[in-house]
Enquirer: 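Just dropping this structure here.
We name chains A, B, ... by the order of the sequence lines, and we start the count at 1 in each one. Excluded from the calculations below are hydrogen atoms, water molecules and symmetry mates; all remaining heavy atoms, backbone and side chain alike, are included.
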Amino acid sequence: MAAVAAARNHLLNYLRYRSFSSASAILNPSDPSAVLTSKQKSRAALALLKSETDPSHIFHLSAAATTPIKMLSFIRDMLWYQRDQKHMVLGLIFIVSSLIKVDSYNKISDHVGKSSQRLVGCWPYSEAYLTSSYFAPHKSLFDSDCHGYLAEEFGSGDLCKGMANEISLLQLSDLQRRLRGEGSHRHLTSTLRFMNRSYNRSLLDSQDCKAVIIERLPIGVFADPFELQHLVHRKVFLDAAVFGDTNLELPSALSNRSIVEVHINIGIENPLRSYETVMELPLHARYPPLDDSGYAQVQFGHPDLFLHCRSKEAHSESCLWTLSEVNAGPAVAVMWRVPSGNDAHRGIVSSVTFVSALVCALSLVVSAITSRNKDVQETCKNDSAFI
Amino acid sequence: MGCIDLRRMLGLSALLRLLLVCYGEWQDAHMEVRYTDVDYLVFSDAAAMVAAGRSPFERATYRYSPLLAYLLVPNSLLHPSWGKLLFSAADLLVGLFVDAILKLRGVPEDLRLWSVAAWLFNPFTFTIGTRGNCEPIVCAVILWIILCIMNGKVFQAAFWYGLIVHFRIYPIIYALPFVIVLSKQCIGPSRKPILRQWNSRRDILYDNSSTPSAKSSPGWQGLWAPLGSIVTWDTVLFGLFSGTLFFLLTVTFFYIYGWDFLNEALLYHLTRTDPRHNFSIYFYHVYLHHQQGFTVFEKFVSFLPQIMVQLALIFCFAGDLPFCLFVQTVAFVAFNKVITAQYFVWFFCLLPLILPWSSMKVKWKGLICMFVWMASQIHWLMWAYLLEFKGQNVLVQLWLASILFLAANTLVLLMLIRYHRYSPIFMPLVRSGVANSRKLE
């Protein structure tokens with residue numbers, strides 16, 4: 001039943017992204033906020049489908065589910081509620097086209113290099129940042145299936161007016177990560193290399209491709225949102241945002257994690273170097289919790305990477321995203337050593353601090369009093385001399 | 001000083017500051033490391049919010065009075081450097097006030113010019129104003145308050161004092177000296193207080209700054225007797241008026257901006273404990289304890305040296321107002337829980353006021369003091385660089401360097417106290433026949 005529920009979800013997304021505010025608006029325009037039963041929802045979907053004249057839309061709708069099982073249960077669900085001949089025919093078209101689609105999808109996934117690329121789907125630019133659309137319904141940013149969530153949530157298929165072979169023009173062939181610099185202020189450098197998978201080389205030239213990198217920062221480091229804005233202003237990044245704990249001053253023990261989302265242009269201009277794109281994210285270390293060894297280790301995970309290509313001439317709102325799963329693989333994890341205080345020093349530091357403060361204070365007090373007394377005694381001496 | 005006079009000096013320093021502001025704009029646009037201070041960007045953003053009709057506290061890390069944001073609204077209307085020009089103008093005002101105060105006390109011109117130069121051409125001061133820190137405004141107001149007190153304008157002094165305590169909390173430490181000094185002033189025939197004049201002779205006829213009734217009993221009683229005579233019309237007026245103004249401003253801004261204002265602008269400064277490294281000796285202690293908090297005993301013990309020193313300095317030196325304020329500020333900064341470089345400007349503006357009364361020669365004692373103070377700072381900065389930019393664990397060495405800095409501050413203060421010729425600013429009520437010198441006009 002979970003598969004059926006997922007299929008219904010996909011349908012809802014389809015309805016939503018077809019710019020209907022809710023499924024009920026289709027059936028009951030006078031009362032758009034009414035809650036529908038699942039029967040009503042599927043009726044609404046079929047009503048839409050009936051009005052669909054563009055065969056490519058029907059074809060794209062057939063990719064609504066991400067697995068064949070979900071696809072079939074989606075169709076079964078719709079057919080069950082309708083039991084209509086005409087719709088049976090449409091349902092058959094679904095099945096056939098979905099099978100074709102699934103087959104071609106498998107072909108794509110076979111071409112995995114160091115990372116696997118999965119078609120996610122597309123959605124309009126209603127949200128400037130992908131993370132905020134995840135953040136709103138979920139209070140926590142750090143579920144392990146955030147990644148899976150994004151694939152589920154937006155995997156409602158290809159709704160674009162584009163053609164099937166635009167789906168994956170670029171594929172990530174290599175991702176290298178490095179921590180550059182010394183001390184508390186360093187740059188996390190991600191070098192992305194892509195492969196051109198389209199058969200037509202000039203097709204890629206007519207596209208604007210960009211990458212969205214979502215870094216889930218460990219608790220010991222933070223990114224300065226104002227610094228990122230400065231970089232956006234200087235056109236190093238297309239856009240950047242920080243979600244979560246952006247406090248710049250507190251130590252790690254009193255802070256929470258944060259997510260950084262960076263949008264950058266992919267280097268379409270240098271095909272000979274595998275469209276190499278470098279992203280340098282400036283990061284700062286927080287004061288870590290106390291440690292006996294004198295250093296704390298901060299470990300970075302892998303980022304989430306979204307790729308997006310859009311035709312330069314088209315000004316439509318639609319867009320096509322692919323989600324690259326970056327495999328852990330044999331890559332070396334990026335580590336940052338931050339100096340930390342030593343618990344063992346606590347007693348001696350406190351006592352020496354207070355003693356030195358008291359000593360200095362006392363010396364000043366004594367000096368002030370003796371200096372005034374000296375003045376007063378001189379006055380008396382001068383007085384007596386005067387008299 | 002030859003052909004240099006005050007006007008030329010002010011013109012030269014204005015030119016210097018203008019050039020630095022222009023250079024700062026260039027560096028911001030072309031280099032990775034900015035010339036402008038981060039705080040200035042915070043003020044500008046907050047001022048832009050105010051210009052858009054919103055609260056300045058929506059800008060994170062804005063921890064100042066809303067008045068500062070109001071002052072900087074032309075940043076978004078005219079030019080982003082308006083604030084820097086304003087602060088540099090306040091710089092020059094400070095120089096002007098220093099000259100006025102010294103002239104009122106009869107200091108000869110060449111000595112005055114050296115003192116003013118000690119402020120205008122001090123590298124700390126011209127970089128602070130041109131980088132966009134608001135401290136020069138505070139300094140200008142403090143000096144204006146001193147001028148008002150010296151001219152007998154109690155109401156004005158109280159007004160500015162209430163305002164400046166709202167703007168920046170630290171001048172609250174000057175409350176007691178102001179009140180003590182106001183209780184000692186005697187109004188002369190020209191309805192202005194009679195000021196003690198500067199005298200180049202080493203062994204001048206000192207006057208015990210305590211009240212006439214206690215003059216026959218020097219020593220401890222001479223220090224404690226003034227407490228009883230503090231309550232005069234002037235002092236009560238001063239205290240009530242400035243306190244009321246501070247209260248009114250707080251209530252008004254609380255009404256407009258709510259708890260944001262109270263937490264960010266007031267309570268943050270009173271309860272601030274920053275475990276990140278800074279010049280203060282307490283930073284490592286705070287860092288080692290940040291996970292478990294502090295006991296009441298620890299908090300008390302960390303305040304004790306500060307209170308002791310402040311009270312001792314006030315009761316010993318209150319009569320000589322500029323010197324008292326200066327040593328108080330140096331001690332306050334040195335014993336504070338958090339010390340940043342911009343706090344040094346607080347006492348640099350008072351330094352020119354005490355130089356004519358110091359019998360310490362520049363060679364060699366003066367130079368040694370300067371060298372010791374700067375060297376301990378540079379030593380601290382070296383360890384801080386290794387910690388922050390090279391990632392080495394030198395926290396213990398850094399902490400010892402901060403203790404050394406405290407020792408250097410104490411040493412410089414001891415030298416200054418030792419070589420200072422105590423001279424209260426107001427002539428006392430008695431002995432008018434002996435030392436009744438009028439102000440030189």
Enquirer: At their closest point, which heavy atom of B:Phe317 faces which heavy atom of A:Ala368, and how far apart are they?
Expert: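 In this case the closest contact between B:Phe317 and A:Ala368 is CE1-CB, 3.8 Å.
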Enquirer: Among the options B:Lys390, B:His285, B:Arg276, pick out the one with the most heavy-atom pairs lying under 4.5 Å from chain A.
Expert: B:Arg276
Enquirer: Side chain to side chain contact (heavy atoms under 4.5 Å, CB included) with A:Asp224: which residues, sequence neighbours excluded?
Expert: A:Phe226, A:Glu227, A:Leu248, A:His284
Enquirer: Over all heavy atoms of both residues, which pair between A:Asn342 and B:Leu288 is shortest? Give the atoms and the distance, please.
Expert: O-CD2, 3.3 Å
Enquirer: Which one, B:Tyr287, B:Tyr284, B:Phe389, leads in non-hydrogen pairs under 4.5 Å with chain A?
Expert: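 Answer, by heavy-atom pair count under 4.5 Å with chain A: B:Tyr287.
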Enquirer: Please give me the minimum heavy-atom distance between A:Ser363 and B:Leu414, naming the atom from each residue.
Expert: O-CD2, 3.7 Å
Enquirer: Indicate the atoms forming the closest heavy-atom contact of B:Trp399 with A:Ile348, along with that distance.
Expert: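 Nearest heavy atoms, B:Trp399 then A:Ile348: CH2-O, 4.4 Å.
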Enquirer: Ignoring hydrogens and geometry, is there a side-chain-to-backbone donor-acceptor pair from B:Asn393 to A:Gly294 under 3.5 Å?
Expert: yes
Enquirer: Do you know which of B:Leu411, B:Leu395, B:Asp45 has the most heavy-atom pairs under 4.5 Å to chain A?
Expert: B:Leu395
Enquirer: Could you give me the CA-CA distance, side-chain angles and deciding distance for A:Tyr287 and B:His290, then say whether side-chain hydrogen bond (donor to acceptor under 3.5 Å, both in side chains) is met?
Expert: CA-CA 10 Å; A:Tyr287 262 57; B:His290 77 275; over 6 Å; no
Enquirer: What are the two closest heavy atoms between B:Leu406 and A:Ala357, and how far apart are they?
Expert: CD2-CA, 4.2 Å
Enquirer: If you compare all heavy atoms of A:Pro339 against all heavy atoms of B:Gln392, which two are closest, and at what distance to 0.1 Å?
Expert: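 Smallest heavy-atom distance, with atoms named: CG-O, 3.9 Å.
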Enquirer: Just by distance, do the side chain of A:Asp375 and the backbone of B:Tyr422 share a donor-acceptor pair under 3.5 Å?
Expert: no
